[in-house]
> 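I have a structure I would like to understand better, so I am pasting it below and will then ask my questions one at a time.
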Amino acid sequence: MPNFIPVLPEIFLLSMTCLILVADLYLGKDRKGIVYLLTQVTLVVTAIIVWAVKSTEKEVVMWGQFVNDPMSTLLNVFICLCAAIVFIYSKDYLEDREMNKGEYYVLGLFAILGMMVMVSAHTMLSVYMGLELLSLSMYAMVAFNRDNAASSEAAVKYFVLGAIASSMLLYGMSLIYGVTGSLNLAEIAQALTQPQELPTILSLGVVFIVVGIAFKLGAVPFHMWVPDVYQGAPTAVTLFIGSVPKIAAFALVMRLLVDGMSALATDWQPMLMLLVVASVAIGNVVAIAQTNIKRMLAYSTISHIGFLLLGVIAANEAGYSASMFYTIVYTLMTMGVFGLLLILSRKGFEAENINDLKGLNDRNPWYALLMLILMFSMAGVPPTVGFYAKFAVLQAVINEGFVWLAIVAVLFSVIGAFYYLRIIKMMYFDAPEDTSEISVKLDTHVVFSLNGLVILMLGLFPEKLIIWCQNSIGIG
Amino acid sequence: MIFEYIIFYLFSGILLLSSTMVVVVRNPVFAALFLVLSFFTAAILWVTMQAEFLGIVLVLVYVGAVMVLFLFVIMMLNLELSKLKQFYHRYMPIGLLVAVTMAVELIIVLTPEKLSQLQQSQVSHPAEYNNTAELGRQLYTDYMYPFEIAAVILLVAIIAAIVLTMRRRPGTKHQDPGKQVLVQAKDRVKVVSIDVERRD
């Protein structure tokens, strides 16, 4: 009898998702709130189960396909809780646009299941299966508003480029499998530590895997889908795509490059460096020229992905935990920023342009203050947590001797600070173009306020989360 | 051994040729038929590598079911080829450049002596070795977890396809069985009393 206990969160999530799918059929149009509530309960209970089955060491089950370690516990808890917050933000937006169908939540839950599979994958096969489950659900979510031409176009672009990325990843995996003779990440790592000279085909495999990962992450030069998808998707979906999957993407990098192929670090380090420099440069510079705020945030995402990979380049535990901290902090910040866009949107109006934020201080000073905190955090200004996140990854690469890389990253993030500060200037010093009342439900209000305050609190007391990240990687 | 080589080179030759034709031919129906041919030759190659079950499944499922449906779809869509080919010449040079670069790079890296570094684990099994049973055992033990996830992915595909395409058009005349059962005679039959008139 195999040990199913560590897989319990995934099993529970899958069962509940199927239950919600069926329950939705029997609920009338006026009772869709029940589906929403069930979704939230599912996410919270899944997070609790993840916590309940946590283990302090590597626990490999399901014939080597699944691993339960401190890293998977931490990332899975954050995935479930962040997704719950994302759904709270999206609810009103979806209701206003008649998109609050049960299938939206079901697809969202399937995407989360895919992320959890990726996070606790222990073979290249399960990594890939999780990735496909996540991607397929997200393609459908982008096209969810199917009568909107922009959404459909974004979905098709996303689908085609996602398929190319998957094929790259698979080709790389097949080469690695051909050399090492195993799909299991631990066995691959074992095979690569042998003293004899490593075959050059491995490097080719690593190239394809890094290209696949870069496509999925949206790192330059594989970033062209990111702005189009962010802009074309309904804002609620953009919030979803832009936040939680980044945690899973970090897990993808960790599982494939670090767990499986840390022996080839000298091969993938230079490739990641190229991606980092290009992402930080192009992301920050092009974002300045954008007038659509979703597009601007897409380019900002690209530059943040650069920072996320910066910690991985250090190729040691300190770097990985700094990257993990950065990922979690980035997810929290993005949720807040897109959450505000959802709050500002209302029936028949989409807050999409930077001008829509003009004079926010006159319309609602509290939201303007929270947005100020979020923008400072995105730019990396102390005392917000964004500063510590950038500081940690930079420290990790400098300790490894890549000072020039840190200098490039800092230079471009200073340039990037311009467009974050421009938003603050617009909120506080410009007259509002649109003076209508901001109507917001209590739950969204509370969650947005908490989101902003958490960014500030983590900035003042970051030790807890940093230590948690370090413990989950295996230091401290 | 020589015979094996002849089989391999013959069918991989056909495979390469037909896959090229899939991309090159103008008529999409021909392209689909060439795809059928390449699936078939690939199946034969699998059989020569002792994966007879996979070979048969490839023929049955892909050639027999998927590609036939595919052909139907192509015929029903009535594709406008001229529209599709509009950007063909514009993107042709850059596409060729990328393809040639990648091909050259791969040829440089994948030289025969480097390919020999790959694990050679071709074991000859006796004639009574049951490929199907072994595959089933593997699928439901070692690979059960990814196998289940594959099932979930298919479920997502079904849900996504239905969500994105199903529409309730306002004018359709669909029946509601509940209402049909609840209907009573007095709802349907209207008894009208008409005065009897006498024709003069």
Side-chain angles (χ1 to χ4, degrees), chain A residues 2 7 10-11 14 17-18 21 61-66 101-104 106-107 110-111 113-114 117 121-130 132-141 143-144 146-147 152 155 175 177-184 191 197-204 207, chain B residues 19 49 84 87 91 94-95 98-99 101-123 135-170 176 178:
Chain A
V7 202
E10 278 83 356
I11 295 175
L14 176 60
T17 312
C18 293
L21 181 66
V61 293
M62 301 298 271
W63 298 274
Q65 305 278 352
F66 183 96
K101 297 180 190 146
E103 289 85 2
Y104 184 88
V106 168
L107 285 173
F110 274 129
L113 180 65
V117 169
H122 198 246
T123 58
M124 290 199 288
L125 190 58
S126 1
V127 170
Y128 178 70
M129 295 310 258
E132 277 308 284
L133 183 53
L134 166 65
S135 311
L136 269 178
S137 316
M138 289 203 304
Y139 304 146
M141 284 171 87
F144 205 79
R146 59 191 186 186
D147 295 322
S152 308
L175 287 172
Y177 174 69
V179 177
T180 58
S182 175
L183 285 171
N184 190 306
E197 205 190 333
L198 293 169
T200 31
I201 291 179
L202 274 178
S203 316
L204 190 70
V207 170
Chain B
S19 340
M49 292 167 75
L84 283 176
F87 300 104
Y91 295 120
I94 188 142
V98 172
T101 318
M102 279 191 78
V104 169
E105 280 173 355
L106 284 178
I107 289 166
I108 293 171
V109 177
L110 297 176
T111 50
E113 60 267 26
K114 280 178 185 159
L115 271 180
S116 63
Q117 296 164 335
L118 295 183
Q119 299 252 331
Q120 314 267 326
S121 60
Q122 179 83 305
V123 196
L135 202 69
R137 196 194 64 77
Q138 288 268 313
L139 215 50
Y140 287 97
T141 56
D142 292 6
Y143 292 95
M144 192 190 83
Y145 182 62
F147 183 69
E148 295 292 331
I149 302 165
V152 179
I153 291 177
L154 286 179
L155 178 62
V156 169
I158 297 171
I159 297 170
I162 293 176
V163 165
L164 296 181
T165 54
M166 199 182 76
R167 289 163 198 274
R168 282 251 162 75
R169 288 184 196 81
D176 185 346

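Computation of the quantities below employed the complete heavy-atom set of this structure, encompassing side-chain atoms and omitting hydrogens, waters and symmetry-equivalent molecules. A note on names: the letters A, B, ... follow the listed sequences, proteins ahead of strands, and every chain is numbered from 1.
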> Holding to ring pair (Phe, Tyr, Trp, His ring centres under 6.0 Å), I want the full list of residues that pass it with Y143(B), two or more places apart in sequence or in another chain.
none
> Is L202(A) in contact with chain B via its backbone, its side chain, both, or neither, using a 4.5 Å heavy-atom distance?
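Neither part, no heavy atoms under 4.5 Å.
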> Give, as side chain, backbone, both or neither, the part of T165(B) having an atom under 4.5 angstrom from any heavy atom of chain A.
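Only the backbone of T165(B) comes within 4.5 Å of chain A.
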> Checking heavy atoms, do the side chain of Y104(A), its backbone, both or neither come under 4.5 Å from chain B?
neither
> Mind checking the CD1-CD1 spacing from I158(B) to I153(B)? Nearest 0.5 Å is all I need.
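Between atom CD1 of I158(B) and atom CD1 of I153(B) there are 12.5 Å.
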> Could you name each residue pair satisfying ring-ring contact (aromatic ring centres under 6.0 Å, His included) that touches residues 144-163 of chain B, not counting sequence neighbours?
F66(A)-Y145(B), Y140(B)-F147(B)
> Specify which of I162(B), I149(B), D142(B), V163(B) makes the most heavy-atom pairs with chain A at under 4.5 Å.
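It is D142(B).
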> More than 12 heavy atoms of other residues, nucleotides or ligands under 6.0 Å from CG of L106(B): yes or no?
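Buried by this count: over 12 neighbours within 6.0 Å.
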> Checking L133(A) against chain B: side chain, backbone, both or neither under 4.5 Å from a heavy atom?
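L133(A) touches chain B through backbone and side-chain heavy atoms alike.
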> Give, as side chain, backbone, both or neither, the part of L164(B) having an atom under 4.5 angstrom from any heavy atom of chain A.
both
> Please tell me if the side chains of L113(A) and V152(B) come closer than 4.5 Å, counting only heavy atoms from C-beta onward.
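With C-beta onward as the side chain, the pair touches.
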> Can you tell which of L125(A), L107(A), L204(A) has the highest number of heavy-atom pairs within less than 4.5 Å of chain B?
L204(A)
> Given a strict heavy-atom distance threshold of 4.5 Å, which part of D147(A) is in contact with chain B: side chain, backbone, both, or neither?
side chain
> Using a 3.5 Å distance criterion without hydrogens, assess whether the side chain of S126(A) forms a donor-acceptor pair with backbone atoms of Q65(A).
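Here the side-chain-to-backbone pair exists.
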